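Worksheet for the structure shown next.
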Amino acid sequence: MFKFSELSIFQRFNPISLIVILAIAVWSIVLGWGINQTLGAMAASPNNGLSARFEAGKELYRDTCSGCHITLPPEVLPTETWQELLEKPNSHYGTSVPNLIRLSQLLIWDYLRTFSRTLPAKDDPVPFYVQQSRYFKILHPRVEFTESVTHKSCILCHPGVNNFDFRSLTPQWDDAP
Ligand code: HEC
Ligand code: HEC
């Protein structure tokens, strides 16, 4: 008959599991250290903390979405618009957005969602053009748009659009009351 007491500690604890446990311990320490470093870096630069988290998504957004037109800043359209556009890259204004793999889709979504607002009511129509977007209008209290606005007109007043800079204005607007 098998007697438990006959098994030595080494037989019960086979070397493979010991190695596995050791490996997990080392890996946890390394991982913990990495997270600490990242958090430390984010805390050290409070102004960059938020953007550091979304930097990859922002870069992917600019890479993936700048092939045919300028990339619009997230805040000019509601979150619902971005969601629709990201979910349906193959029916994009009569064309399709190439190279939108699942991982980039998730990272871009994380970025766009964070820097845009949802529509005030669930049954509000989802605007697919800046022209129809209330958030675009809210961001332009001084501007009375007479002609229709599209992604092509931003450059008229924002000289930095190609650097994704929508804060800089042409001197004409900078000096206007
Ligand atoms: C293959 C070319 C192509 C790519 C790549 C592309 N778009 Fe577009 N996009 C278009 C076309 C065409 C229109 C229609 C506007 C026009 O006719 O100029 C459009 C319009 C838009 C508009 C409305 C612009 C306005 O003037 O109101 C938004 C917002 C938009 N795209 C977002 C995106 C996003 C987000 C991505 C990346 C996921 C993307 N686009 C990538 C071709 C593209
Ligand atoms: C006729 C000039 C004009 C056009 C065209 C225009 N803008 Fe603006 N934009 C302004 C002015 C001026 C401001 C500053 C707010 C104000 O005074 O109304 C501004 C502010 C903004 C802001 C806020 C910037 C901040 O301080 O954070 C964003 C974002 C923006 N515009 C995006 C766009 C986009 C995207 C387009 C194109 C679809 C566009 N604008 C087209 C004049 C313009």
Side-chain angles (χ1 to χ4, degrees), residues 35 38-39 41-177:
I35 292 170
T38 313
L39 290 178
M42 283 164 82
S45 55
N47 292 330
N48 283 327
L50 188 68
S51 41
R53 187 184 148 195
F54 301 104
E55 214 44 57
K58 183 174 166 183
E59 286 310 308
L60 280 166
Y61 169 58
R62 294 185 59 195
D63 287 348
T64 314
C65 302
S66 63
C68 310
H69 50 71
I70 63 144
T71 40
L72 293 166
E75 63 268 33
V76 299
L77 286 161
T79 313
E80 287 85 347
T81 307
W82 298 118
Q83 182 173 10
E84 279 276 319
L85 294 178
L86 284 178
E87 280 175 356
K88 297 180 184 142
N90 294 324
S91 54
H92 186 84
Y93 306 83
T95 179
S96 53
V97 179
N99 306 322
L100 189 59
I101 57 160
R102 188 79 186 129
L103 180 64
S104 7
Q105 202 180 23
L106 289 173
L107 289 168
I108 295 173
W109 169 235
D110 196 32
Y111 163 69
L112 292 176
R113 164 177 68 173
T114 306
F115 293 95
S116 59
R117 284 161 199 271
T118 52
L119 288 167
K122 265 212 158 66
D123 50 357
D124 282 345
V126 178
F128 285 98
Y129 293 94
V130 281
Q131 170 83 19
Q132 309 157 339
S133 168
R134 66 163 81 210
Y135 297 134
F136 177 77
K137 293 188 184 106
I138 291 168
L139 284 160
H140 291 90
R142 278 194 300 160
V143 188
E144 181 102 34
F145 290 102
T146 45
E147 287 157 54
S148 66
V149 204
T150 72
H151 58 90
K152 291 181 189 145
S153 22
C154 315
I155 188 97
L156 297 176
C157 308
H158 297 282
V161 288
N162 292 325
N163 301 319
F164 205 52
D165 165 18
F166 291 88
R167 193 151 280 183
S168 310
L169 291 167
T170 51
Q172 175 205 350
W173 279 104
D174 256 347
D175 301 340

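Predicted model only: the values in this text are computed from it and were never measured.
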**Request:** For the pair Tyr93 and Tyr129, evaluate ring-ring contact (aromatic ring centres under 6.0 Å, His included) and give the outcome as yes or no after the intermediate values.
**Result:** CA-CA 10 Å; Tyr93 306 83; Tyr129 293 94; 5.4 Å; yes

Using modelled atom types only, decide if a donor and an acceptor are shared between the side chain of [X] and the backbone of [Y] within a distance under 3.5 Å.
X	Y	result
Ser104	Ile101	yes
Asp175	Gln172	no
His158	Phe166	yes
Lys137	Gln132	no

Can you tell me if [X] has over 12 outside heavy atoms packed within less than 6.0 Å of its [atom1]?
X	atom1	result
Arg167	CZ	no
Arg62	CZ	yes
Asn99	CG	no

Just verifying a value: how many Å separate [X] [atom1] and [Y] [atom2], rounded to the nearest 0.5 Å?
X	Y	atom1	atom2	answer
Glu80	Arg117	CD	CZ	12.5 Å
Glu75	Thr114	CD	OG1	12.5 Å
Leu72	Cys154	CG	SG	5.5 Å
Ser168	Asp174	OG	CG	8.0 Å
Leu85	Gln105	CG	CD	11.5 Å
Arg102	Leu107	CZ	CG	11.0 Å

Can you give me the closest heavy-atom contact between [X] and [Y], atom names plus distance?
X	Y	value
Val130	Thr150	CG2-CA, 4.1 Å
Cys157	Trp173	SG-NE1, 3.4 Å
Leu112	Trp82	CD1-CE3, 3.7 Å
Phe145	Val149	CD2-CG2, 3.5 Å
Ser133	Pro78	OG-CD, 4.0 Å
Pro125	Leu119	O-CD1, 3.8 Å

Hey, does [Y] have a side-chain heavy atom less than 4.5 Å from the side chain of [X]?
X	Y	value
Arg53	Asp110	yes
Glu55	Tyr111	no
His92	Cys68	no
Leu77	Tyr135	no
Ile108	Leu86	yes

**Message:** What I want to check is whether the side chains of Thr79 and Ser116 have a donor and an acceptor closer together than 3.5 Å.
**Reply:**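 Yes, Ser116 and Thr79 have a side-chain donor paired with an acceptor closer than 3.5 Å.
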
**Request:** Report the C-alpha separation of Leu139 and Val76 in whole Å, then their side-chain angles, then the decisive distance to 0.1 Å, and conclude whether the side-chain contact (heavy atoms from CB on, under 4.5 Å) test is met.
**Result:** CA-CA 7 Å; Leu139 284 160; Val76 299; 3.8 Å; yes

**Message:** side-chain contact (heavy atoms from CB on, under 4.5 Å), that's the test. Do Arg142 and Leu169 meet it? Break it down for me.
**Reply:** CA-CA 13 Å; Arg142 278 194 300 160; Leu169 291 167; 3.8 Å; yes

**Complete:** Given the options Trp109, Tyr61, Phe115, Phe54 meets ring pair (Phe, Tyr, Trp, His ring centres under 6.0 Å) only with Phe115

**Message:** Set out, in order, the CA-CA distance, both residues' side-chain angles and the distance that settles side-chain contact (heavy atoms from CB on, under 4.5 Å) for Asp124 and Arg134, then state yes or no.
**Reply:** CA-CA 11 Å; Asp124 282 345; Arg134 66 163 81 210; 3.9 Å; yes

